[in-house]
Amino acid sequence: MSVAAAVAQGRATPAEMMAVAAARALSDGEVCFVGIGAPSTAANLARATHAPRLVLVYESGCIGAKPARLPLSIGDGELADTADAVVSVPEIFNYWLQPGRIDVGFLGAAQVDRFANINTTVVGDYDRPSVRLPGAGGAPEIAASCRQVYIMARHSPRTFVAALDFRTSVGFGAGAGDRERLGLPGAGPVLVATDLGVLRPDPETAELVLTQLHPGVTVDEARAATGWDLRVAGDLEISEPPTASELEQLRRLEATQRPQGAAGGGRAPHHETERSRDH
Amino acid sequence: MSVAAAVAQGRATPAEMMAVAAARALSDGEVCFVGIGAPSTAANLARATHAPRLVLVYESGCIGAKPARLPLSIGDGELADTADAVVSVPEIFNYWLQPGRIDVGFLGAAQVDRFANINTTVVGDYDRPSVRLPGAGGAPEIAASCRQVYIMARHSPRTFVAALDFRTSVGFGAGAGDRERLGLPGAGPVLVATDLGVLRPDPETAELVLTQLHPGVTVDEARAATGWDLRVAGDLEISEPPTASELEQLRRLEATQRPQGAAGGGRAPHHETERSRDH
Amino acid sequence: MAELLNLHDAVARLVRDGDTVAMEGFTHLIPHAAGHEIIRQGRRDLTLVRLTPDVLYDQMIGMDCARKLVFSWGGNPGVGSLHRFRDAVENGWPGPLEIEEHSHAGLTNRYVAGASGLPFAVLRGYAGTSLAEPGRTANLAWVDCPFTGERLAAVAALRPDVAVIHAQQADRDGAVQLWGIAGVQKEAVLAARRSLVTVEEIVDRLEPRPGSVVLPAWALTAVAVVPGGARPSYAAGYYDRDNDFYQAWEPVSRDRDRFLEWMQAHVLEAVPA
Amino acid sequence: MAELLNLHDAVARLVRDGDTVAMEGFTHLIPHAAGHEIIRQGRRDLTLVRLTPDVLYDQMIGMDCARKLVFSWGGNPGVGSLHRFRDAVENGWPGPLEIEEHSHAGLTNRYVAGASGLPFAVLRGYAGTSLAEPGRTANLAWVDCPFTGERLAAVAALRPDVAVIHAQQADRDGAVQLWGIAGVQKEAVLAARRSLVTVEEIVDRLEPRPGSVVLPAWALTAVAVVPGGARPSYAAGYYDRDNDFYQAWEPVSRDRDRFLEWMQAHVLEAVPA
């Protein structure tokens, strides 16, 4: 079924299922450091549904932003106007992110490897990249310092790769124990929400394991979309489909953001992934 | 003649002459980091007379304060209410003082030595002090980082000592070249205004030399009030007495500050010097 | 998330014997009422931290709450000495008082490092002073710049067990707003493991104000409503500094007996807020 | 003391070929008009510094103003790639572009060190990333905490030759006030040797406002009045972000010829402010 048909029938598209899966993982009252794009959508969906007291922190310095519409950029006036406090960029990184005050850091990715490390810098060789991506932004320190990290990425072998071209942000490094060795204070990624399912790190090895499939997706599809030999949890779960309320709120939110329209051009290979951590 | 008689006759007291001598050294438009007490009085006198665009910076975070009355403490509301900007204490020290943006730092002292080093910490042994003074406050970094430093102190052998009991703030350390060796960015003290005259460092040796006497004071009086063998400049000058306008402005300013009154108690040995860098 | 408590309960829950306690306020918004409650509850062996210990810490030292004082300028602003502080340092009364003293810049950066989750902060300071003599000043060291080779002062992060500040307003959720001279209060709160903010009043909404500092409720432990809680210091927009009190403290604090009588009448027998 | 100049003269005096230039603005208050004037005056070999190079730096790179880019996130916010930046990095057009890239936290702290007069700043960052590989990232090193022995990232101070920012207001003396999202603008100005602030308007008095940053005139080099000087970004209280422009930039910037035509028509032939 086409995306348009799914929307028309009130059923969730894969991207919507990804947003809902990520949103559900947030608990009310948590403090969440969000980037623009998919993470901001998911966090605002959580706030609009089961987590009305979720605290959104944006790296532009907006603490406790309560946007009525989805911001197009991380420095939107809407974020400042609705924030409990607006602080400088040095303060947001040094006083709020670095000390580990943030419960959940939300990251997108152009590439993710089996230990949930992330690349948002280049595809190909660093000095002669085939695609130059935006770069690090706040991600390395979000990945290092938040108590937990959630990752959102479309599931494809181009994104879920055996080896990153560049490690912009650390998930579990070379595996279990590496975060401790590197002195990274937070617990690292606990969840990777994709449009096919949810991956979580194995508590022993820190390798990402498929623990949940969205309705209608098969294990083979998920494995085919992963660039390494994806392990599957014994107690694999099937995601609850989005509720009517979740879908309604998600679509209402997305309608508040101006459609990207024709200006966005064709679907260039990494266009989606670039947008996933815009700013 | 008594102080009361001098005031009654419109003539300057020694303390007033000290304030006037210090105020005159400030140029219009300079940026001045001031403590409460004598330095604040002198700086505000300069602003009320020849230097209306003098910029006063207080370590409480008040930048460009324009107090109508002399503040009793460095965090007076009057300073915040009249400032161009009020910033945090970390910011005032890290962004404004430390990088050398301040033209003149104004310090009081309980003890001063021949190289214009300052003690505001203890009289006697550090661990068993005979008098415990307030301590460093902002002084060490004011002395280190301002482009120039002015010192104000009553002239007595108890204050102008051969050897400090504690070096709270560095003037010229052990002598010429020591500031460079210590990596102190500012030029150090250029002037010590007392109630007897003005001392300035010898450009060769950095030793304080009596370069100016207030009217009616003799070299012998100044030497007797100094705890080391005070050198006297060959071209010793006599201070111009305060003009009528200077005296009028000074007394007007001091009248805005509540008299210390009986509550201040007797003149304890170091009471004056303690007040000279209050806060 | 900040809990709304009365002052008695807030102090009882947050401040424990032996704690390192930072009660900040740079002339403005000094948390006097909370300090008096700590005295009334008889806390002992505290390490008191503050850039500018003034009358409040003089009282707490004289009432034997403190084992140690970490500070950078200890005087009665605009008046003179802190006689209870001096009596403790000079004569060991009512007990010995250990001191760790810094410059304002140094102690400020100890808070900044604590608030930043870093183990230390770097500054241009201390060089050539007696504070920098080997063994003199705890939590002071030196680092070499890895780029220029320059030697700079390093101060260890300060992580108080509890920070206590006073602010003008809180909202019903426990977010706090203060304005006017803000000193190092934000850093003290963010550096501390627990925090108590006393406020003049609770308002429905914290209206944005020029020069204000807002601390979200989730960054605080407890909020207590204590109108006048900063007196005799001041709270911009609420009341002025009682300069007469600071003058009057001079003769009261000079004499041990007079001091104790004053504390008995004005603090120990006072009705808690 | 800030001099009041027109934009042409301010850029002519303050910005020189080969300079390191920081034009800051975090989505908000991006100094587009000043950047266009730099393009019109044909500056070359600049080292452009900015946390978030976006459309303005895309234009300056495409017009061959820059030899080097120091940055931490280079994209068109909410839209996608910066095609002129990518073309320079991927294909060396219109010339080779050297890059030095950091994380936001790292580059921010390079400014903080510069503003603080320190040679470096310390942060928890970079560890374990490819940015931390030996030889990869200039101005990144490691220091050991002298108290705990912990190894931390150190970044070298950034001291731009000139910082350019846009603000809402200046007074007649050249003091400047901006409000809303303030990014790292204060640090960029205080870190730089020279500074230019373009403003929406001159007012008789800077009325204190919630959340405002005030820079005194004596901390600035030049102020130029340029109404609309941040368009298509926004200036809180004056105009909104032109999101359509950012969308429209995508196809314009994809194509070298279309880009050059656009710049010719909208920048080179535009009447300077």
Side-chain angles (χ1 to χ4, degrees), chain C residues 100 102 105-106 108-110 112-127 132 134 137-159 168-169 177-182 186 205-215 236-237, chain D residues 100 102 105-106 108-110 112-127 132 134 137-159 168-169 177-182 186 205-215 236-237:
Chain C
E100 175 187 325
H102 289 272
T108 294
N109 279 294
R110 291 201 61 200
V112 168
S116 301
L118 292 172
F120 72 107
V122 171
L123 73 154
R124 291 185 190 283
Y126 295 95
T137 303
N139 294 306
L140 171 65
W142 305 89
V143 290
D144 295 329
C145 172
F147 304 100
T148 66
E150 252 182 297
R151 175 147 288 205
L152 295 151
V155 289
L158 180 63
R159 297 287 320 272
Q168 283 97 335
Q169 298 177 340
Q177 179 167 247
L178 60 93
W179 61 89
I181 289 171
K186 178 187 272 191
R205 181 169 181 274
L206 299 174
E207 292 297 333
R209 281 172 179 272
S212 79
V213 170
V214 172
L215 291 165
Chain D
E100 174 187 325
H102 289 272
T108 294
N109 279 294
R110 291 200 62 200
V112 168
S116 302
L118 292 173
F120 72 108
V122 170
L123 72 153
R124 291 187 191 281
Y126 295 95
T137 303
N139 295 305
L140 171 65
W142 305 91
V143 290
D144 295 328
C145 172
F147 303 101
T148 65
E150 251 182 297
R151 175 148 288 203
L152 295 152
V155 289
L158 180 64
R159 297 289 320 271
Q168 283 96 336
Q169 299 178 336
Q177 179 167 246
L178 61 93
W179 62 90
I181 289 172
K186 178 186 271 190
R205 182 167 179 275
L206 299 174
E207 293 296 334
R209 279 170 180 273
S212 79
V213 169
V214 173
L215 292 164

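The figures here come from the full heavy-atom set of this structure, side chains too, leaving out hydrogens, waters and symmetry mates. What you are looking at is a predicted structure, and each value in this text was computed from that prediction instead of being measured. Here is the naming used below: chain letters follow the sequence lines, and residue numbers restart at 1 for every chain.
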Quiz prompt | D:Ala138: side chain to side chain contact (heavy atoms under 4.5 Å, CB included) partners, not counting sequence neighbours | solution = D:Glu100

Self-check item: Atom group of D:Val213 that falls short of 4.5 Å from chain C, counting heavy atoms
Solution: neither

Exercise. Side chain from CB out, backbone as N, CA, C, O: work out which of these in D:Trp142 comes under 4.5 Å of a heavy atom of chain C, or both, or neither.
Key: backbone

Quiz prompt | Side-chain heavy-atom pair C:Leu152, D:Pro119 within 4.5 angstrom cut-off | solution = yes

Quiz item: Got a sec, which residues hit side chain to side chain contact (heavy atoms under 4.5 Å, CB included) with C:Pro146, two or more places apart in sequence or on another chain?
Solution: D:Phe120, D:Ala141, D:Val143, D:Ala154

Practice problem: Quick one: closest heavy-atom pair of D:Val122 and C:Val122, and the distance? | Solution: CG2-CG2, 4.4 Å

Practice problem: Give, as side chain, backbone, both or neither, the part of C:Ser212 having an atom under 4.5 angstrom from any heavy atom of chain D. | Solution: neither

Quiz item: Which one of C:Ala157, C:Ser116, C:Ala121, C:Gly117 has the most heavy-atom pairs closer than 4.5 Å to chain D?
Solution: C:Gly117

Practice problem: Please state whether the side chain, the backbone, both or neither of C:Arg124 comes within less than 4.5 Å of a heavy atom of chain D. | Solution: both

